[in-house]
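No experiment lies behind these values; they were computed from the predicted model shown.
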Amino acid sequence: EAQVTQNPRYLITVTGKKLTVTCSQNMNHEYMSWYRQDPGLGLRQIYYSMNVEVTDKGDVPEGYKVSRKEKRNFPLILESPSPNQTSLYFCASSLEERETQYFGPGTRLLVL
Amino acid sequence: DAKTTQPTSMDCAEGRAANLPCNHSTISGNEYVYWYRQIHSQGPQYIIHGLKNNETNEMASLIITEDRKSSTLILPHATLRDTAVYYCIVSYGSGNTGKLIFGQGTTLQVKP
């Protein structure tokens with residue numbers, strides 16, 4: 001089944017404790033992206049990747065890192081999480097950057 | 001900023017057609033109209049898209065006016081599981097970021 005998976009789905013952590021949210025797709029998509037969703041602010045793009053080893057900042061990249069060492073994986077790294085990064089995170093992928101995007105199920109993060 | 005205008009909320013009786021309007025008066029000639037939906041806090045789900053012709057798939061129909069300034073998403077026989085926020089999107093944002101610009105969407109409540 002074609003899908004985008006994210007892990008973990010739920011995470012509670014403390015300020016400053018590094019964490020990684022994984023994202024994987026099995027559709028051989030070149031384009032992948034991370035969004036965060038906050039009440040009243042909608043979905044905002046954090047980082048995106050056009051292909052392996054090609055990543056770039058979205059609208060709200062501060063406090064986040066990404067890597068794209070393999071086509072299928074696009075992990076989101078929070079080196080030193082802070083409470084303002086408490087949010088619902090979505091990974092998405094598409095064949096190319098302006099094609100239909102397929103979203104993962106979301107990761108709900110709470111930073112204390 | 002979102003380039004679409006949608007009603008904040010709508011109700012529909014179960015089994016009836018749900019018609020969700022969207023205004024996009026500033027759409028440019030090469031921009032597609034995309035519809036996604038988000039059920040509770042799940043990942044947004046692609047529904048349908050079109051350029052200028054009407055489109056139909058197994059989920060819905062998309063009617064685009066001749067001047068392309070507005071469109072209507074039609075769910076032919078709404079069920080309770082169609083209760084969701086529906087987003088009409090006509091822009092990927094500037095540059096080749098692949099960023100989908102989500103507005104506030106229409107909350108569709110399907111009632112028994």
**Request:** Examine A:Tyr47 and A:Met32 and state if one hydrophobic cluster contains both, with Ile, Leu, Val, Met, Phe, Trp and Tyr joined whenever side-chain heavy atoms are less than 4.5 Å apart.
**Result:** yes

**Prompt:** According to a 4.5 Å side-chain heavy-atom criterion applied to Ile, Leu, Val, Met, Phe, Trp and Tyr, with indirect links allowed, do B:Ile89 and A:Tyr102 form part of one hydrophobic cluster?
**Reply:** no

**Complete:** On a heavy-atom basis, the closest approach of A:Phe90 and B:Ser41 is CZ-O, 3.5 Å

**Request:** Please indicate whether A:Ile12 has more than 12 foreign heavy atoms, meaning atoms of other residues, nucleotides or ligands, lying under 6.0 Å from its CD1.
**Result:** no

**Item:** Proximal component of A:Glu99, with respect to chain B [non-hydrogen, under 4.5 Å]
**Value:** backbone

**Prompt:** Is there a path of hydrophobic side-chain contacts, each under 4.5 Å between heavy atoms of I, L, V, M, F, W or Y residues, that connects A:Leu78 with A:Leu88?
**Reply:** no

**Message:** Minimum heavy-atom separation for A:Arg98 and B:Tyr34, please, with both atom names.
**Reply:** O-OH, 3.6 Å

**Asked** With a 4.5 angstrom heavy-atom cut-off, which part of A:Ser33 approaches chain B: side chain, backbone, both or neither?
**Response** neither

**Prompt:** If Ile, Leu, Val, Met, Phe, Trp and Tyr residues are connected whenever their side-chain heavy atoms lie under 4.5 Å apart, and connections chain through other members, are A:Tyr31 and A:Val52 in the same group?
**Reply:** no

**Gap separating the OH atom of B:Tyr46 from the OG1 atom of A:Thr100, nearest 0.5 angstrom** = 4.5 Å

**Request:** Identify which part of B:Gln38 has an atom lying under 4.5 Å from any heavy atom of chain A, answering side chain, backbone, both or neither.
**Result:** side chain

**Fill in**
side chain to side chain contact (heavy atoms under 4.5 Å, CB included) with B:Lys99: of A:Gln101, A:Gln45, A:Arg44, only one passes, and it is A:Gln45

**Message:** Applying a strict under-4.5 Å side-chain criterion to I, L, V, M, F, W and Y, I'd like to know whether A:Tyr48 and A:Leu76 cluster together.
**Reply:** no

**Request:** Go through A:Ala92, A:Gly106, A:Pro105 and name the one with the most non-hydrogen pairs under 4.5 angstrom from chain B.
**Result:** A:Pro105

**Asked** Under a 4.5 Å heavy-atom cut-off, does chain A meet the side chain of B:Tyr36, its backbone, both or neither?
**Response** side chain

**Prompt:** Within a strict 4.5 Å, meaning less than it, do heavy atoms of the B:Leu100 and A:Phe103 side chains meet?
**Reply:** yes

